[in-house]
Amino acid sequence: MSSNGFATTISASDVVSDVYASDVLTMDQLRQRLSRPVWKSLHETIEKGKAIDSAIADTVALAMKTWATEQGATHFTHWFQPLTGLTAEKHESFVVPTSDGQAISQFSGRELIQGEPDASSFPSGGLRATFEARGYTAWDPTSPAFIMRHDNGATLCIPTAFASWTGEALDHKTPLLRSMEALNDAAMKALVLFGETHVGKVVSTVGAEQEYFLVDEAFARQRPDLLMTGRTLFGAKPPRGQELEDHYFGSIPNRILTFMTEVEHQLYSLGVPVRTRHNEVAPGQFEFAPIFEHANIAADHQQLVMQVLTNTAKRHGLVCLLHEKPFAGINGSGKHVNWSISTDHGMNLLEPGDTPIENMLFLFFCTAVIRAVDKHADLLRACVASASNDHRLGAQEAPPAIMSIFLGDELSDVFDRLVSGKEGSRKSAGLLGLGTAVLPPLPLHSGDRNRTSPFAFTGNKFEFRAVGSSQSVSFPITVLNTIVAESIAELTRAIETAVKKRTPFETALRDVLKATYSEHCRVVYNGDGYSDEWHKEAQERGLPMLRTSIESFEQLVSTKNVKLFSAFNVLSKRELEARQEVLFEQYFKSVNIEAETTEWIAQTMIIPAVASYLGTLKAASGMSQTIDSSIARVAASSDALGTALDELRTQNRELGGNEAHSKCKHMYKNVLPAMARVRRAGDELEQLCDHKLWPMPTYREMLFVK
């Protein structure tokens with residue numbers, strides 16, 4: 001058995017029959033443990049969004065505690081997603097002492113429904129002051145409770161929302177649930193126009209891929225930058241990086257595959273539907289990808305994926321790096337969010353079918369998405385912005401910071417014909433012959449994929465590729481749900497207005513879709529998003545050019561965006577302003593920590609190593625021109641490091657003012673360039689210094705030793 005209780009080998013049939021969701025209190029488990037009236041009430045809350053009946057809380061709590069203790073749990077926790085982007089938990093024991101010196105096992109409905117963690121110590125953006133500590137966690141019955149195991153026991157985790165004493169959202173889950181309701185309301189009204197009156201609910205569905213790096217723990221321990229910031233602040237380009245393109249989808253090393261297998265087994269037990277594992281493009285980089293789930297469940301599961309990856313790596317002598325750009329000069333890591341809209345009957349509203357030109361329901365929802373991305377490109381950029389993602393967006397495989405949509409040849413042709421009114425049929429895809437009879441002919445897709453697009457249509461969903469690997473997916477999904485809900489509502493109103501004026505529904509529908517696409521098609525781009533030509537063209541099209549996180553954060557509280565979130569009851573103006581403040585604070589603190597760490601490494605590790613090497617060289621001075629030349633080169637680079645380090649010290653001491661916004665600008669304009677100069681000098685010295693004296697593991701070691 002492995003340390004987490006899984007067998008060292010396990011078959012697919014074992015996963016299906018014994019492992020999958022074994023640590024989840026599933027709907028079926030609850031149904032078996034609750035009376036029919038209680039089950040019916042809870043089911044209507046979960047499936048139909050009806051208000052939770054507090055009268056059933058004690059019964060549900062008893063069933064939950066009984067199940068959890070059967071799984072070995074001794075404690076429970078309200079598991080929530082504060083604005084740190086991570087998860088939080090405070091464990092409470094099921095064991096309660098009695099007055100006679102004994103103890104009982106207890107878990108009440110009140111404890112299930114509401115918790116009271118300290119709200120002052122989490123980021124709040126001013127919604128809570130330090131002396132205002134009261135905050136509430138509220139049970140989210142739409143997300144199943146689950147068991148998290150450790151080496152000496154288990155804990156029942158109850159997904160919750162987190163709000164201040166005044167009822168304002170202090171987390172990512174609350175706005176996400178609100179946005180799902182907004183999308184459902186808008187989509188349901190639209191479906192009535194199409195005669196789809198049998199639908200009971202519409203949800204956004206998400207499958208979020210996860211890219212990550214693995215580094216041997218022995219190397220990571222010797223890298224203060226990795227331990228403190230999650231990325232390397234120094235590191236010369238190795239002789240070999242990803243140039244040979246041999247790592248992508250390559251054979252997975254045995255040690256890594258063993259790690260991946262244990263991660264999968266833990267995620268299976270937690271009900272996380274991971275389906276794909278593989279090597280990514282950069283050496284030392286890998287990926288897991290799940291299949292689709294309801295957006296709120298997918299967001300919870302994404303947090304679990306990051307937690308399980310990080311914890312499991314330690315048991316295998318590895319460190320999992322979730323930073324967007326842990327290594328300079330090679331691909332960074334993202335979290336591609338595959339997003340779609342589905343009904344409770346399983347109908348995907350973004351499924352074009354065999355003849356998309358005739359599928360007006362699909363064209364309606366697809367047009368709504370196009371309008372949403374064009375009108376709210378600033379929000380999409382802001383929801384993926386961070387100091388760490390700034391290193392990735394626009395570099396290597398990552399999409400540029402300009403928000404655009406890739407539709408592909410077939411859909412672009414469909415919309416062009418919709419606008420022009422030209423007749424035509426679906427482009428024939430046919431079969432792809434491979435030139436030999438022993439290989440089967442493959443169905444040929446009507447369009448290619450585009451890895452350079454930040455928002456690409458990929459068959460029956462949109463792939464939001466700009467999300468960073470360390471980010472919570474909740475805020476990006478919240479933004480997507482809200483902006484699309486607004487567009488659906490706007491298109492619905494336009495069609496209803498035309499119909500009221502006696503325009504036939506089909507004519508009104510086509511007219512509205514034609515006008516909307518014509519107005520917003522500037523955001524559609526099927527070419528190379530990395531090219532300089534696109535940057536120039538995007539500017540000519542009038543698309544937002546928000547290259548940095550700071551520029552993006554500034555857009556959050558614009559009049560347009562405050563009106564949007566307020567109108568759909570997703571975020572109030574105060575809640576939105578708080579999130580902006582938190583994002584500024586996180587940006588400043590992240591860069592400040594990196595700058596201080598850069599200064600510390602250069603002063604206490606690199607300079608002493610270089611001094612030692614120079615001493616060795618100078619002892620051999622005059623023996624050869626090569627040695628004398630090396631002395632001169634090392635001394636020159638050392639002086640360059642000293643000059644750059646002095647400048648960094650100056651900038652580190654100057655914080656840029658008292659406001660988070662001004663501090664961020666100082667970090668971007670002054671500190672980051674100073675850090676870059678220190679790094680350049682340090683990386684030059686790494687390539688000159690005796691390898692045995694260099695104080696940190698190099699890229700060559702960290703990327704290739706597995």
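Note that the structure is a prediction, hence the values are computed from the model and not measured.
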Verdict with supporting geometry, Arg541 and Glu537, salt bridge (charged side-chain N to carboxylate O under 4.0 Å, His left out): CA-CA 6 Å; Arg541 292 187 185 192; Glu537 182 179 339; 2.6 Å; yes
Going by an N to O cut-off under 4.0 Å, is there a salt bridge joining [X] and [Y]?
X: Glu594; Y: Arg231; answer: yes
X: Asp216; Y: Arg255; answer: yes
X: Lys173; Y: Asp300; answer: yes
X: Arg221; Y: Glu217; answer: yes

Using a distance-only test with no angle check, is there a side-chain donor-acceptor pair under 3.5 angstrom linking [X] and [Y]?
X: Thr312; Y: Gln266; answer: yes
X: Asp390; Y: Thr548; answer: no
X: Glu686; Y: Thr698; answer: no
X: Ser388; Y: Glu324; answer: yes
X: Ser474; Y: Gln81; answer: yes
X: Glu599; Y: Asn652; answer: yes

Can you tell me how far apart [atom1] ([X]) and [atom2] ([Y]) are? Round to the nearest 0.5 Å.
X: His294; Y: His301; atom1: NE2; atom2: NE2; answer: 12.0 Å
X: Leu86; Y: Phe80; atom1: CG; atom2: CZ; answer: 11.5 Å
X: Ile256; Y: Phe286; atom1: CD1; atom2: CZ; answer: 4.5 Å
X: Thr598; Y: Met675; atom1: OG1; atom2: CE; answer: 3.5 Å
X: Lys314; Y: Leu309; atom1: NZ; atom2: CG; answer: 12.5 Å
X: Ile606; Y: Arg679; atom1: CD1; atom2: CZ; answer: 10.0 Å

Answer yes or no: is there a donor N or O on one side and an acceptor on the other, between the side chain of [X] and the main chain of [Y], under 3.5 Å?
X: Asn389; Y: Ala466; result: yes
X: Glu551; Y: Arg547; result: yes
X: Thr232; Y: Gly235; result: no
X: Arg381; Y: Pro544; result: no
X: Gln580; Y: Phe553; result: yes
X: His316; Y: Leu318; result: no
X: His666; Y: Gln651; result: yes
X: Gln303; Y: Ala299; result: no
X: Asn460; Y: Leu350; result: no
X: Glu647; Y: Ala644; result: no

Taking every non-hydrogen atom, the tightest pair across [X] and [Y]:
X: Ile405; Y: Ser453; result: C-OG, 4.0 Å
X: His535; Y: Gly529; result: NE2-O, 4.1 Å
X: Trp694; Y: Gly682; result: CH2-O, 3.5 Å
X: Leu556; Y: Ala382; result: CD2-CB, 4.0 Å
X: Ala387; Y: Val591; result: CB-CG2, 3.9 Å
X: Ala295; Y: Leu176; result: O-CD2, 4.2 Å

Parallel, tilted or perpendicular, as decided by the 30° and 60° cut-offs, for the rings of Phe327 and Tyr699: perpendicular
Mutual orientation of the aromatic rings belonging to Phe288 and Tyr212 [parallel < 30°, tilted 30-60°, perpendicular > 60°]: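 Geometry flag for Tyr212 against Phe288: parallel rings.
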Working for side-chain hydrogen bond (donor to acceptor under 3.5 Å, both in side chains), residues Asn526 and Ser412: CA-CA 9 Å; Asn526 293 333; Ser412 295; 2.8 Å; yes
State, with a plain yes or no, whether a side-chain heavy atom of [X] is found less than 4.5 Å away from one of [Y].
X: Val215; Y: Leu321; result: yes
X: Leu685; Y: Tyr613; result: no
X: Cys383; Y: Phe464; result: yes
X: Ile330; Y: Val281; result: no
X: Ser204; Y: Ile341; result: no
X: Val369; Y: Phe457; result: no

Verdict with supporting geometry, Ser333 and Gln285, side-chain hydrogen bond (donor to acceptor under 3.5 Å, both in side chains): CA-CA 8 Å; Ser333 295; Gln285 187 184 36; 3.0 Å; yes
side-chain contact (heavy atoms from CB on, under 4.5 Å) between Phe146 and Leu304, worked out: CA-CA 11 Å; Phe146 57 92; Leu304 289 176; 3.8 Å; yes
side-chain contact (heavy atoms from CB on, under 4.5 Å) evaluation trace for Ser637 with Asp639: CA-CA 5 Å; Ser637 294; Asp639 288 342; over 6 Å; no
CA sep, side-chain torsions, deciding dist, call: Val308, Val272, side-chain contact (heavy atoms from CB on, under 4.5 Å): CA-CA 11 Å; Val308 170; Val272 182; over 6 Å; no
side-chain hydrogen bond (donor to acceptor under 3.5 Å, both in side chains) between Glu280 and Asn331, worked out: CA-CA 9 Å; Glu280 253 301 331; Asn331 281 8; 5.3 Å; no
With Glu287, the side-chain hydrogen bond (donor to acceptor under 3.5 Å, both in side chains) member among His278, His336, Lys335, Gln210: His278
Trace of the salt bridge (charged side-chain N to carboxylate O under 4.0 Å, His left out) decision for Asp225 with Arg223: CA-CA 5 Å; Asp225 47 2; Arg223 296 283 315 210; 2.6 Å; yes
Exceeds 12 heavy-atom contacts within 6.0 angstrom, atom CE of Met545: yes
Lys536 and Asp532: CA distance, side-chain angles, deciding distance, side-chain contact (heavy atoms from CB on, under 4.5 Å) verdict: CA-CA 7 Å; Lys536 181 180 179 181; Asp532 294 334; over 6 Å; no
Criterion salt bridge (charged side-chain N to carboxylate O under 4.0 Å, His left out) on Arg677 and Asp683, from CA distance to verdict: CA-CA 10 Å; Arg677 288 190 286 271; Asp683 291 353; over 6 Å; no
